[in-house]
Amino acid sequence: MGSCRLVRAAASGFLALAAATGCASGIRAPTPSPSPPVPGHWRAVFADDFGGTRLNPARWTTCYDWNQGGCTNRGNNELEWYRPEQVSVGDGKLTLTARRRTTRGTDGRRYPWTSGMVSTGRSSWNARPRFTFTYGYFEAAVRIPPQAGMLPAFWLMPASRYTPPELDVAEGLGSTDRIEMTVHWKGPAGEERTAAGRFGPVDFPAGYHVFALNWERNALTWYVDGEIRFRVTDPAKIPHVPMELLFTLAVGYPTVPPPGVDHARMSVDWVRVWQHRGAAAGHHGTGRR
């Protein structure tokens with residue numbers, strides 16, 4: 001990781017806003033909407049429907065910014081070493097595949113799992129990020145794996161590579177029937193603080209679900225399948241820095257996969273990012289290459 005510090009702490013102080021008994025969208029992913037379900041004049045600044053048979057390298061890289069023959073998140077003591085061959089595109093979707101396969105990382109360590117991730121960030125430490133975003137409506141149709149011991153996540157990290165802040169649109173943190181939605185920020189003494197919502201129970205692995213976050217200057221609002229599930233309005237908790245967009249399938253945090261679990265797959269059917277039209281430069285930041 002070099003000098004970069006990426007620590008993704010377990011969220012605390014969960015707020016259970018709803019206990020759903022259904023709302024599974026089914027095996028097939030829902031069609032993306034032409035605009036967010038939020039009043040305002042929006043413009044699309046980023047989209048991918050994952051057509052074709054390969055990942056679009058103009059939009060995505062397959063590691064964190066400290067990519068050198070693969071990568072991992074040692075801040076979480078995760079078990080996987082991310083590799084590009086664990087990322088595939090076909091049948092109109094992005095697939096991240098985790099496998100129990102011992103892999104030696106370029107950091108000299110041996111990892112019992114290999115897995116896949118994608119980011120709109122840099123291909124290497126000194127490169128320029130592909131896309132960063134400051135504010136906007138972020139939405140994706142995702143199907144999480146049913147296997148225990150996985151951490152599928154749709155989230156945003158600062159282009160500075162230092163966290164907090166951090167925005168987790170949806171994480172399967174130690175559960176496959178509850179999704180967690182979290183904001184991380186820095187407290188007065190520089191300590192990491194979190195506020196999180198939890199939505200479920202829902203059989204999320206049974207089909208695709210649409211996870212979304214509306215990141216405004218004065219509020220953060222999370223959605224699951226078009227319904228508001230969590231909201232934060234405290235100004236001290238809301239970030240105002242450019243962020244990269246990521247999908248990751250981590251392994252072993254917060255729990256280790258049980259014996260007999262040897263693989264898992266996370267699928268993304270589509271992703272969209274909108275921002276308000278006519279916003280002043282720097283007021284609602286733009287996605288950029």
Side-chain angles (χ1 to χ4, degrees), residues 7-25 30 37-38 73 75-78 96 137-157 163-187 191-216 219-234 236-239 243 245-258 264 266-268 271:
V7 177
R8 297 168 45 71
S12 60
F14 296 122
L15 176 62
L17 296 185
T21 58
C23 86
S25 59
V38 180
N73 182 350
N76 281 345
N77 296 314
E78 294 169 7
L96 308 178
Y137 191 93
F138 303 82
E139 185 175 59
V142 182
R143 188 179 184 186
I144 70 170
Q147 291 83 3
M150 304 295 146
L151 174 54
F154 167 27
W155 58 292
L156 297 149
M157 66 172 278
T163 65
E166 177 184 321
L167 293 169
D168 301 321
V169 183
E171 289 185 302
L173 189 65
S175 173
T176 61
D177 66 357
R178 285 175 171 80
I179 288 295
E180 294 179 12
M181 304 153 284
T182 310
V183 55
H184 303 244
W185 74 96
K186 189 176 293 186
E191 77 282 11
E192 181 170 2
R193 294 187 176 184
T194 63
R198 175 183 288 179
F199 175 69
V202 172
D203 185 6
F204 286 109
Y208 286 89
H209 290 264
V210 177
F211 303 113
L213 169 64
N214 186 24
W215 172 20
E216 301 277 4
L220 297 165
T221 307
W222 283 260
Y223 297 76
V224 179
D225 295 324
E227 299 292 333
I228 295 175
R229 305 301 182 186
F230 184 52
R231 185 172 169 84
V232 170
T233 57
D234 183 346
K237 302 175 183 178
I238 299 172
M243 292 200 178
L245 175 65
L246 303 96
F247 294 98
T248 56
L249 180 54
V251 183
Y253 182 83
T255 58
V256 175
M266 170 182 172
S267 298
V268 183
V271 58

Give, for atom [atom1] of [X] and atom [atom2] of [Y], the distance between the pair rounded to the nearest 0.5 Å.
| X | Y | atom1 | atom2 | answer |
| --- | --- | --- | --- | --- |
| Glu166 | Met157 | CD | CE | 8.0 Å |
| Ile144 | Asp203 | CD1 | CG | 8.5 Å |
| Trp155 | Leu167 | CH2 | CG | 10.5 Å |

So, do [X] and [Y] sit near enough that their side-chain heavy atoms are less than 4.5 Å apart?
| X | Y | value |
| --- | --- | --- |
| Met150 | Val251 | yes |
| Val224 | Phe211 | yes |
| Leu213 | Met181 | no |
| Pro254 | Leu173 | yes |
| Pro145 | Leu249 | yes |
| Val232 | Trp185 | no |

Counterpart residues, side-chain contact (heavy atoms from CB on, under 4.5 Å), relative to [X] (two or more places apart):
| X | result |
| --- | --- |
| Ala250 | Glu78, Glu80, Tyr82, Leu151 |
| Ile238 | Trp215, Leu220, His240 |
| Ser175 | Asp177, Arg178 |

Tyr223 and Tyr137: CA distance, side-chain angles, deciding distance, ring pair (Phe, Tyr, Trp, His ring centres under 6.0 Å) verdict: CA-CA 10 Å; Tyr223 297 76; Tyr137 191 93; 5.6 Å; yes

Criterion side chain to side chain donor-acceptor pair (under 3.5 Å) against His184, the qualifying member of Thr163, Thr194, Asp168: Asp168

Parallel, tilted or perpendicular: ring planes of Phe247 versus Phe154, cut at 30 and 60 degrees: parallel

Heavy-atom closest contact (Ala153 atom, Met266 atom, distance): O-CE, 3.6 Å

Smallest separation among heavy atoms of Pro146 and Thr176, with atom names: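 Shortest heavy-atom contact: O-CG2, 3.6 Å.
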
Whether Arg193 side chain and Lys186 backbone form a donor-acceptor pair below 3.5 Å: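 No; judged by distance alone, with no hydrogens or angles, the pair does not exist.
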
